[in-house]
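Quick notes on the structure that follows.
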Amino acid sequence: MQSKFIYLAIVVTVGIAVLSLIKINAPAVSLSYSDKAFHTLAYFVLGFLWLLAIRKKGTKFAVILLVILFGILLEILQSLLTDYRTFEYLDMVANSLGAFISVLAFTYIEKKQSKLLNSL
């Protein structure tokens with residue numbers, strides 16, 4: 001089961017990288033900060049999948065740090081490699097927020113699961 005999460009985490013990682021660097025010809029949505037919600041959701045999913053894929057004790061901090069660094073790297077690459085994407089600090093904040101929420105949710109579920117198993 002754990003290996004399936006690794007494949008899924010890799011697919012989502014590559015998908016986020018591609019979507020972050022390609023030019024998308026979609027009409028702009030004019031809701032303020034709506035793209036930040038997408039960033040938060042994407043990095044929540046990414047962080048949660050990597051936490052499921054690498055379920056070793058004491059690795060949560062490293063996993064989330066790598067997810068955050070991945071988001072920072074993509075922001076830098078957007079400014080260096082494209083002329084249609086921009087570097088935004090708020091995107092990095094939204095990415096980091098999603099990663100932090102994923103570790104909180106993962107830890108909560110892990111504790112609930114452990115408590116349930118101990119009660120049986």
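Here, residue 1 is the first one in the sequence, and each next residue gets the next number. As the structure is a computational prediction, the values presented were derived from the model and not from experiment.
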Handout entry: salt_bridge(Glu110, Lys60) N-O dist < 4.0 Å
Key = yes

Practice task
Salt-bridge test for Lys36 and Glu88: reply yes if a basic N is under 4.0 Å from a carboxylate O, no otherwise.
Solution key: yes

Measure the [atom1]-[atom2] distance between [X] and [Y] for me, rounded to the nearest 0.5 Å.
X     : Y     : atom1 : atom2 : result
Leu81 : Leu74 : CG    : CG    : 10.0 Å
Ile76 : Phe87 : CD1   : CZ    : 6.0 Å
Leu77 : Ile72 : CG    : CD1   : 12.0 Å
Leu49 : Ile10 : CG    : CD1   : 11.0 Å
Leu66 : Leu73 : CG    : CG    : 11.5 Å

Just wondering, do [Y] and [X] contact through their side chains at under 4.5 Å, heavy atoms?
X     : Y     : value
Ile68 : Asn95 : no
Tyr89 : Glu75 : no
Phe70 : Tyr43 : yes
Asp35 : Asp91 : yes
Ser20 : Gln78 : yes
Thr13 : Val67 : no

Exercise for the section: For the residue pair Phe48 and Phe106, categorise the inter-ring angle as parallel (less than 30°), tilted (30 to 60°) or perpendicular (more than 60°). Expected result: perpendicular

Practice task
Check whether more than 12 heavy atoms from other residues, nucleotides or ligands sit under 6.0 Å from atom OH of Tyr108, and answer yes or no.
Solution key: no

Is it true that a side-chain atom of [X] and a backbone atom of [Y] form a donor plus acceptor pair closer than 3.5 Å?
X      : Y     : result
Thr40  : Ala94 : yes
Ser102 : Ala99 : yes
Arg85  : Ser79 : no

Quick one: do [X] and [Y] end up in the same hydrophobic cluster if we chain Ile, Leu, Val, Met, Phe, Trp and Tyr together by side-chain heavy atoms under 4.5 Å apart?
X     : Y     : answer
Val11 : Val14 : no
Phe38 : Val45 : no
Ile6  : Val63 : yes
Ile64 : Leu41 : yes

Exercise for the section: Measure across Thr82 and Leu21 and return the closest heavy-atom pair with its distance rounded to 0.1 Å. Expected result: CG2-O, 3.6 Å

Handout entry: Shortest non-hydrogen separation from Ile16 to Ala42 and the atoms involved
Key = CD1-O, 3.8 Å

Fill in the blank from the handout: From the list Leu46, Val103, Thr59, side chain to side chain contact (heavy atoms under 4.5 Å, CB included) with Leu51 holds only for Val103

